[in-house]
Trainee: 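Before I ask anything, let me first share the structure, which is written out below as structure tokens.
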Amino acid sequence: MAINRSQSPHYFTELALLLLLATLWGGSYTLIKLGVATIPPVTLIAARTSIAGLLLLGIMRARGLQLPKDAATWRRFCSRPASTA
């Protein structure tokens with residue numbers, strides 16, 4: 001099935017986003033290789049996880065979302081990984 005560009009009005013935007021994603025993913029492997037050579041692996045993992053968490057928190061705030069405030073929801077979040085293992 002041939003792709004008709006008139007069917008997708010955001011074809012070039014989607015293509016640009018795909019290329020950006022590929023560039024970021026490809027670049028991350030190079031940075032990890034360099035980082036592991038100079039930074040202990042556990043520190044690198046902690047830094048990457050913290051950066052990702054802060055980025056996601058920023059996206060949530062930009063979209064007007066908030067983290068749950070009730071303890072029951074947090075208990076479910078914390079107990080879920082243990083129950084799926």
Trainee: Can you tell me how far OG1 of Thr13 sits from CG of Leu18, rounded to the nearest 0.5 angstrom?
Mentor: 12.5 Å

Trainee: At their closest point, which heavy atom of Tyr29 faces which heavy atom of Trp25, and how far apart are they?
Mentor: CD1-O, 3.2 Å

Trainee: Do Leu65 and Ile59 come within less than 4.5 Å of each other through their side chains, counting heavy atoms only?
Mentor: no

Trainee: Of all residues at least two apart in sequence or in a different chain, which pass the side-chain contact (heavy atoms from CB on, under 4.5 Å) check with Ile51?
Mentor: none

Trainee: Can you hop from Ile39 to Val36 via hydrophobic side chains spaced under 4.5 Å?
Mentor: yes

Trainee: Between CZ of Phe77 and CG of Leu67, what distance do you get to the nearest 0.5 Å?
Mentor: 8.5 Å

Trainee: Tell me, which pairs form a side-chain hydrogen bond (donor to acceptor under 3.5 Å, both in side chains) where one or both residues lie in residues 33-62, sequence neighbours left out?
Mentor: none

Trainee: I'd like to check the side-chain contact (heavy atoms from CB on, under 4.5 Å) partners of Ala72; sequence neighbours left out, ordered by chain and number.
Mentor: Asp70, Arg75, Arg76

Trainee: Roughly how far apart are Leu31 CG and Leu44 CG, rounded to 0.5 Å?
Mentor: 9.5 Å

